[in-house]
Protein chains: 2
Amino acid sequence: MASIREVAKLANVSPSTVSRVINGTANVDEEKKRRVLKAIDESGFTPNEVARSLFKKSSKTIGVIVPSITNPFFTEMSSAIEKTANEYGYRMTICNTSGNVEKEKNAISMLTSMNVDGIVITTSNQELKKILENCETPIVAIDRVISKNTAGGYIHCDNYEGGRIAAQHLIQNGCKSIVCVRGLESISSARERYQGYLDVCTEQGIREQSIRCDYSFTEGLTMTEKLLEEFPDVDGIIACNDMVAISIYKVLCRRGIRVPEDIQLVGYDNISLAHLMTPELTTVAQPIEKMGVKAVKMLIRKETKGYKEYIFSPELIIRETTK
Amino acid sequence: MASIREVAKLANVSPSTVSRVINGTANVDEEKKRRVLKAIDESGFTPNEVARSLFKKSSKTIGVIVPSITNPFFTEMSSAIEKTANEYGYRMTICNTSGNVEKEKNAISMLTSMNVDGIVITTSNQELKKILENCETPIVAIDRVISKNTAGGYIHCDNYEGGRIAAQHLIQNGCKSIVCVRGLESISSARERYQGYLDVCTEQGIREQSIRCDYSFTEGLTMTEKLLEEFPDVDGIIACNDMVAISIYKVLCRRGIRVPEDIQLVGYDNISLAHLMTPELTTVAQPIEKMGVKAVKMLIRKETKGYKEYIFSPELIIRETTK
DNA sequence: TTTCCTTTTGAAACCCGTTTCAAGATGTTT
DNA sequence: AAACATCTTGAAACGGGTTTCAAAAGGAAA
């Protein structure tokens with residue numbers, strides 16, 4: 001691979017001049033510029049990004065740390081991040097952690113030592129609080145809060161309101177026995193959604209019924225079985241996310257339970273699959289793309305000094321799994 | 001951020017010694033080693049990966065270039081790649097190209113100038129042939145071939161056989177009017193699958209019927225409408241992938257057409273959603289994970305000198321959308 | 001023609017971890 | 001005690017762009 005010094009030799013100028021031609025950082029004599037461009041072309045030179053970022057302390061990269069790269073919520077978010085990053089001349093690199101603290105720590109130190117210009121992270125581990133506070137790289141937490149007022153940004157959608165919306169919708173639709181398939185207690189967004197559901201229940205004098213479930217569809221499957229056993233009179237289910245809603249639907253269907261006639265079902269997130277599945281899934285939409293876009297903008301504009309919170313509003317999308 | 005020279009000063013040794021302690025590349029006096037470790041701990045030093053990879057010409061990273069990061073086939077593949085890469089002490093960075101040649105070229109030059117240790121690419125653009133041939137970084141094409149015998153590896157699943165399997169299954173199940181929703185002509189894997197379908201049709205004296213469709217579910221939706229208009233007597237559909245199969249199912253369902261009673265449907269890929277959807281999707285499985293794992297192994301073991309082809313076998317997974 | 005200002009240019013330092021090389025230290029053999 | 005082998009260690013060079021700084025060159029004003 002040709003280096004800038006070889007190009008310089010070919011064009012009979014100094015490396016500095018070549019650098020100036022490449023980056024347009026200073027005026028260069030037209031004749032020399034032509035020679036340099038010719039030399040670059042002939043040698044097939046491409047500037048070495050590593051050397052560049054070593055000096056610049058910037059790699060024009062946004063790092064994304066997520067608990068799963070197969071979960072559509074995160075891929076749709078990452079997709080938006082990547083697209084936006086590209087628009088601003090940045091790349092994206094994804095790290096998958098499976099929610100594992102060690103992997104998260106690794107990912108952070110890896111990304112910072114790669115000179116990424118910003119990190120978007122979705123995590124629930126309180127342990128990371130100190131690390132993130134001492135991290136010089138701009139960081140925004142997305143979807144899940146690590147700790148309010150920790151340095152960095154926090155982008156989320158009003159989960160409490162989302163939980164309320166879902167519960168209210170089912171009650172309005174005549175449900176008397178609503179079960180909330182709540183996410184893990186450790187996940188802030190899941191706790192908030194549950195709280196929204198709970199408050200509506202107490203306000204309306206409806207019994208609280210819930211069951212815990214992580215965000216995977218395998219667990220969605222087994223938890224639905226358990227749910228039906230524990231709450232045989234259930235007529236409305238709020239799922240912790242759309243993937244789980246899909247698996248709940250599968251089990252109900254298998255059991256011959258009709259949706260929405262016997263049980264009404266509402267998901268959460270509005271991933272594109274919610275619209276694509278049959279029947280189409282009623283769900284509480286989060287503006288997934290907008291959240292990703294906002295995260296990138298905050299990072300690039302360096303709006304993460306101190307603590308910056310940005311809250312989006314959820315929206316109920318009524319489709320076919322509720323009346 | 002502390003540098004190795006600061007650590008050296010703190011520990012009262014030379015930077016070389018610090019480097020040797022970090023990497024265990026040479027014996028270091030126990031007492032000095034202790035001082036160095038103490039200094040590292042106190043200063044919170046982490047080696048700068050950029051400087052490291054500048055010298056080493058390796059970033060311990062595998063680059064992945066895919067046409068979409070929301071398509072489950074690619075995310076499941078990337079997930080396997082990431083997991084395997086991690087096991088070998090490598091990271092993964094994903095580039096999304098939307099099938100755009102310019103973005104693909106950019107991604108390649110970006111990744112090589114980042115000193116990635118290997119590239120996994122899924123592309124159909126013949127234009128890249130020369131670039132890939134001249135690329136010093138090990139490359140493996142996955143799923144789609146760029147050109148046989150081009151330098152690098154090529155990992156795929158026998159698509160011709162997959163097309164045959166799907167067609168044979170439908171014929172055995174009594175289908176008389178089978179429509180192949182074939183993928184884009186530009187995509188080698190799609191061409192091969194179609195060829196498999198076609199050959200079975202001629203062998204069995206069945207009429208060839210097909211319609212083109214890209215791998216997005218939006219097009220899947222509109223193409224199904226067109227399909228039903230053009231082939232009103234259709235009783236079997238082979239989809240170019242599972243996502244399209246899901247959208248085909250949606251349209252059929254909407255029209256009141258029963259699956260599998262009126263029309264039998266077989267997908268392709270066996271993404272995890274195929275199992276999760278209701279009804280469960282009969283599909284031709286590709287060993288997505290194994291393909292990803294193999295790609296990483298080939299790259300890390302530097303088995304890509306010359307041309308290395310590795311073919312997996314497809315497998316019919318009979319579920320609920322066929323009789 | 002001299003002086004001053006502006007522009008262009010290359011040498012060298014810089015970013016920071018790694019490695020080579022040779023010197024210094026320690027130990028062993030004869 | 002001399003000669004030799006082995007280990008430990010730091011100085012310096014390296015990788016490849018970028019930037020600073022000062023010199024050189026060109027142009028304009030006096």
Side-chain angles (χ1 to χ4, degrees), chain A residues 1-37 39-40 43-61 89 109-117 136-137, chain B residues 1-37 39-40 43-61 89 109-117 136-137:
Chain A
M1 176 61 79
S3 81
I4 205 171
R5 286 167 228 263
E6 295 173 56
V7 173
K9 209 166 287 176
L10 258 176
N12 202 30
V13 294
S14 75
S16 340
T17 303
V18 177
S19 173
R20 287 189 266 255
V21 171
I22 299 167
N23 301 294
T25 40
N27 286 0
V28 172
D29 178 75
E30 275 305 319
E31 158 61 15
K32 283 183 182 160
K33 188 185 271 181
R34 225 170 295 127
R35 290 206 316 257
V36 168
L37 292 173
I40 288 176
S43 59
F45 166 79
T46 0
N48 183 314
E49 290 297 328
V50 174
R52 197 173 250 180
S53 70
L54 175 59
F55 189 91
K56 293 284 208 88
K57 293 178 178 306
S58 153
S59 56
K60 285 283 179 186
T61 304
S109 84
M110 208 145 268
L111 291 175
T112 52
S113 74
M114 275 174 71
N115 287 348
V116 297
D117 302 274
E136 288 147 32
T137 311
Chain B
M1 177 60 80
S3 82
I4 204 170
R5 285 168 228 264
E6 295 173 55
V7 173
K9 211 165 284 175
L10 258 175
N12 202 28
V13 294
S14 73
S16 341
T17 303
V18 178
S19 173
R20 287 188 266 255
V21 171
I22 301 168
N23 301 293
T25 40
N27 287 0
V28 172
D29 177 77
E30 277 305 320
E31 158 60 14
K32 282 182 183 161
K33 189 185 269 182
R34 225 170 297 128
R35 289 205 319 256
V36 168
L37 290 173
I40 288 176
S43 60
F45 166 78
T46 0
N48 182 313
E49 289 298 327
V50 175
R52 198 172 247 178
S53 70
L54 174 61
F55 190 91
K56 293 285 207 89
K57 291 178 178 307
S58 152
S59 56
K60 287 284 180 184
T61 305
S109 83
M110 209 145 267
L111 291 175
T112 52
S113 73
M114 275 174 72
N115 288 347
V116 297
D117 302 275
E136 289 146 32
T137 310

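Letters go in sequence order (proteins before strands), and every chain restarts at 1.
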With a 4.0 Å limit, can you tell me whether Ser19(A) has a side-chain N or O closer than that to the phosphate oxygens OP1/OP2 of dT18(D)? yes

Heavy atoms of Ile22(B) and Ile40(B) approach each other most closely as CG1-CD1, 4.2 Å

So does Lys32(A) get a side-chain nitrogen or oxygen closer than 4.0 Å to the phosphate oxygens (OP1/OP2) of dT9(C)? yes

Check this one for me: any side-chain N or O of Ser14(A) less than 4.0 Å away from OP1 or OP2 of dT9(C)? no

Identify, between Phe55(B) and Asn27(B), the residue whose nearest nucleotide on DNA chain D lies closer to the 5' end. Asn27(B)

So, OP1 or OP2 of dG10(C): does either fall under 4.0 Å of a side-chain N or O from Thr17(A)? yes

Where the side chain of Val13(A) is defined as all heavy atoms beyond and including C-beta, which of dG10(D), dG10(C), dG17(C) is the nearest nucleotide? dG10(C)

Do any side-chain nitrogens or oxygens of Lys57(A) fall under 4.0 Å of OP1 or OP2 in dC14(C)? no

Any idea which of dG16(D), dT8(D), dT18(C) is nearest the Ile4(B) side chain? dT18(C)

Determine whether any donor atom in the side chain of Arg52(B) lies under 3.5 Å from an acceptor atom in the base of dG15(D), or the reverse, and answer yes or no. no

Does a side-chain N or O from Asn23(A) land closer than 4.0 Å to OP1 or OP2 of dG17(D), or not? no

Can you tell me whether the side chain of Arg20(A) and the base of dG10(C) have a donor-acceptor pair closer than 3.5 Å? yes

Residue-phosphate contact under 4.0 Å: Asn48(A) side-chain N/O, dG15(D) OP1/OP2: no

Length of the CG-P vector between Asn115(A) and dT18(D), whole Å: 14 Å

For a quick test of reading the model: is some side-chain N or O of Lys56(B) closer than 4.0 Å to OP1 or OP2 of dC14(D)? no

